[in-house]
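One structure is given below, encoded as structure tokens.
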Amino acid sequence: MLKVFAKSIFSFMAVMLLLSVVNIGCSSKHLDQNQKDILEQPKKNGSEQHQKMVTSAKPEGTSIFTVIEMEDLEYPTLAASIQLPYPVGPNNTVVLSGEHAYLTTEKHLHVIDVSLPQRPAYLTALEFPDKIGKVLASGDHLVVASEKKFHLVDISQPLRPVLESTMHLPQQHGIKDLDVLDDHLYVMGENDHLYIFYAPRGHAQLVKTVELSPRWWLFSPKADRPNVQQVEASMLERLPSGISESLRSQRGFLQLRSSKNQKVRASPYCLVMEQIKNPMRSAQCDLLIYSAYTKGYDEQQKNGARLKYLFGKNYSMGIGSGTLATELYYVGAEGLHHLKAKEGNDPLKTKEGVTLTREKPKIAYAVSAGEMQQITQYPPETIALNDKQLELPVGSVTDFQILDGLLYVVSANGFFSIRSLITVENFLEGDDAQFLSVTPLQANRPISLAVAERFAYVLATPED
């Protein structure tokens with residue numbers, strides 16, 4: 001009897017031990033799956049996310065989302081940053097829609113609540129099967145580009161973005177670039193055609209195909225939209241007449257890369273685009289600025305020396321009612337003077353080199369398994385400048401945006417700059433365009449920039 005009882009006890013304990021092992025294995029597997037899927041699941045409330053202080057390690061295979069506060073345009077400050085555990089490529093971008101920022105990494109679309117920009121809240125992400133790049137906002141939808149497809153995503157509920165449709169170009173031609181204007185989507189194919197889609201509610205319908213002229217350069221919307229005018233490049237005109245006509249008529253330009261692969265930004269009165277680098281020229285300029293307003297040739301000549309001092313080189317030509325072209329080198333003497341003054345150094349009195357500071361964001365987060373965690377930061381970094389240095393080592397321009405008569409620029413070595421543009425108001429009041437500020441960002445390489453009234457948002461990759 002005793003042997004039977006002992007045998008029963010042993011069997012019972014063996015069964016319980018086996019069940020415990022199975023249960024632990026299932027729980028572990030379930031936890032791993034939850035961690036894997038958590039980025040695809042929306043949060044109930046971004047402000048309720050668990051946060052804790054952790055030590056920041058050197059980011060590898062990550063991207064950084066930074067918020068810049070611009071209450072004072074002359075003294076922008078780094079308000080916050082979020083480190084994401086996903087790498088970014090040169091085609092990834094950030095865009096604003098309502099109170100949310102949407103940014104792309106290699107295969108994910110991320111949603112960040114910026115209703116309180118100083119305290120951004122990471123919400124969720126949507127994964128795509130292939131690599132994605134540019135993202136654009138159009139009402140309650142986003143357009144997300146990939147190599148040969150574009151996706152329409154419903155963001156009427158930002159916590160739960162929904163992929164509504166995916167489309168190819170005819171014959172599945174590759175996509176060079178795309179832009180959205182009103183309810184129309186303009187997609188430039190690698191086969192030298194522009195495809196125009198009507199896409200009002202998450203589904204796109206091809207309405208027009210435009211064969212590109214061999215000499216096309218830029219696109220300007222016509223009055224009878226969605227038709228476009230092809231502004232052709234000219235070997236004889238420094239400022240092609242199509243630019244002046246589009247600026248004077250306030251039709252503007254589509255923000256599609258030019259035939260020379262130049263990034264384009266436009267407002268009704270202004271066109272800014274990348275300068276084509278010429279290896280034969282010793283002085284390289286990064287941006288070309290075309291304005292519909294000038295103060296006349298004589299006054300431009302009078303101010304030529306001052307403009308050259310501020311911005312490197314300046315060239316002006318009148319076409320019709322006048323168009324000013326400024327070649328802008330970022331960032332020259334005035335920007336350096338401003339930054340030194342902001343750091344408390346007088347360049348006129350300094351005998352030794354000047355040290356500038358890369359401030360850290362006031363608050364920094366890292367996303368891990370879908371949760372935001374506050375991280376500690378390393379001390380601010382310093383930049384040593386030679387007292388005779390005439391230009392800041394900002395690197396080439398990586399992105400730029402126009403908003404309310406101001407030009408915002410980020411550059412490769414981690415600098416953020418603001419410059420005013422000639423608008424109808426300051427043209428009539430006799431005011432010149434002015435360089436307002438240059439701000440060192442945390443050490444990273446900015447890739448994309450989005451701008452709102454008092455805040456700018458930067459998508460960057462950490463420095464190597």
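Source: prediction; values computed, not measured.
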message: With a sphere of 6.0 Å drawn around CD of E147, does it hold more than 12 non-hydrogen atoms of other residues, nucleotides or ligands?
response: no
message: Is any side-chain heavy atom of H184 closer than 4.5 Å to one of F197?
response: no
field: Min side-chain heavy-atom separation S448-N92 under 4.5 Å
entry: no
Within 6.0 angstrom of K362 NZ, more than 12 heavy atoms from elsewhere: no
message: Please check this pair: side chain of K134 against backbone of D177, looking for a donor-acceptor N/O pair closer than 3.5 Å.
response: no
- prompt: Is it true that a side-chain atom of S267 and a backbone atom of D404 form a donor plus acceptor pair closer than 3.5 Å?
  reply: no
- prompt: Do R419 and V409 come close enough that some side-chain heavy atom pair is under 4.5 Å?
  reply: no
query: Once you round to the nearest 0.5 Å, how far does OG of S81 lie from CD1 of I363?
result: 9.0 Å
query: Judged by atom type as modelled, is there a donor-acceptor pair below 3.5 Å linking the side chain of S220 to the main-chain atoms of Q229?
result: no
message: Donor-acceptor pair, distance only, cut-off 3.5 Å: does the side chain of S249 make one with the backbone of S246?
response: yes
- prompt: Any idea which heavy atoms bring A125 and H108 closest together, and the distance?
  reply: CB-CD2, 4.2 Å
task: Could you pull out the closest heavy-atom pair between T104 and L459, with the gap in Å?
output: O-CD2, 3.6 Å
message: Using side-chain heavy atoms (C-beta onward) and a distance below 4.5 Å, is P226 in contact with Y198?
response: no
query: Could E71 and R454 be called an ion pair, given the rule that one side-chain N must be under 4.0 Å from one carboxylate O?
result: yes
query: Would K260 and E274 count as a salt bridge (Lys or Arg N to Asp or Glu O under 4.0 Å) if you check the C-alpha gap in whole Å, the side-chain angles of each, and the deciding distance to 0.1 Å?
result: CA-CA 10 Å; K260 302 173 184 179; E274 292 176 320; over 6 Å; no
- request: Mind listing the closest non-hydrogen atom pair of P161 and V153 along with its distance?
  value: CB-CG1, 3.9 Å
statement: In short, Q255 meets V264 closest at the heavy-atom pair CB-O, 3.5 Å
- prompt: Would you say Q230's side chain and S213's backbone share a donor-acceptor pair under 3.5 angstrom?
  reply: yes
- prompt: Run the salt bridge (Lys or Arg N to Asp or Glu O under 4.0 Å) check on D399 and R265 step by step: do they pass?
  reply: CA-CA 10 Å; D399 200 10; R265 301 288 182 260; 2.9 Å; yes
message: Once rounded to the nearest 0.5 Å, what's the spacing between atom CZ of R119 and atom CG of D113?
response: 13.5 Å
message: Looking at D154, is its backbone amide N or carbonyl O close enough to the side chain of D140 to form a donor-acceptor pair, meaning the two atoms are under 3.5 Å apart?
response: no
From L73, T439, V438, residue fulfilling side chain to side chain contact (heavy atoms under 4.5 Å, CB included) relative to I418: L73
message: Quick check: do F455 and V114 have side-chain heavy atoms less than 4.5 Å from each other?
response: no
- prompt: Would you call Y122 and F65 a side-chain contact if the rule is heavy atoms closer than 4.5 Å?
  reply: no
- line: Nearest heavy-atom contact between Y86 and T105 is CB-OG1, 3.6 Å
Verdict with reasoning, M273 to W217, per side chain to side chain contact (heavy atoms under 4.5 Å, CB included): CA-CA 12 Å; M273 60 195 307; W217 184 28; 3.8 Å; yes
message: Measuring only between side-chain heavy atoms, which start at C-beta, is N191 closer than 4.5 Å to Q171?
response: no
message: Testing the basics here: between V88 and A460, what is the closest heavy-atom pair and its distance to 0.1 Å?
response: CG2-O, 4.1 Å
message: Is there a side-chain contact between V231 and F253 in this structure, where contact means two heavy atoms from C-beta onward sitting under 4.5 Å apart?
response: yes
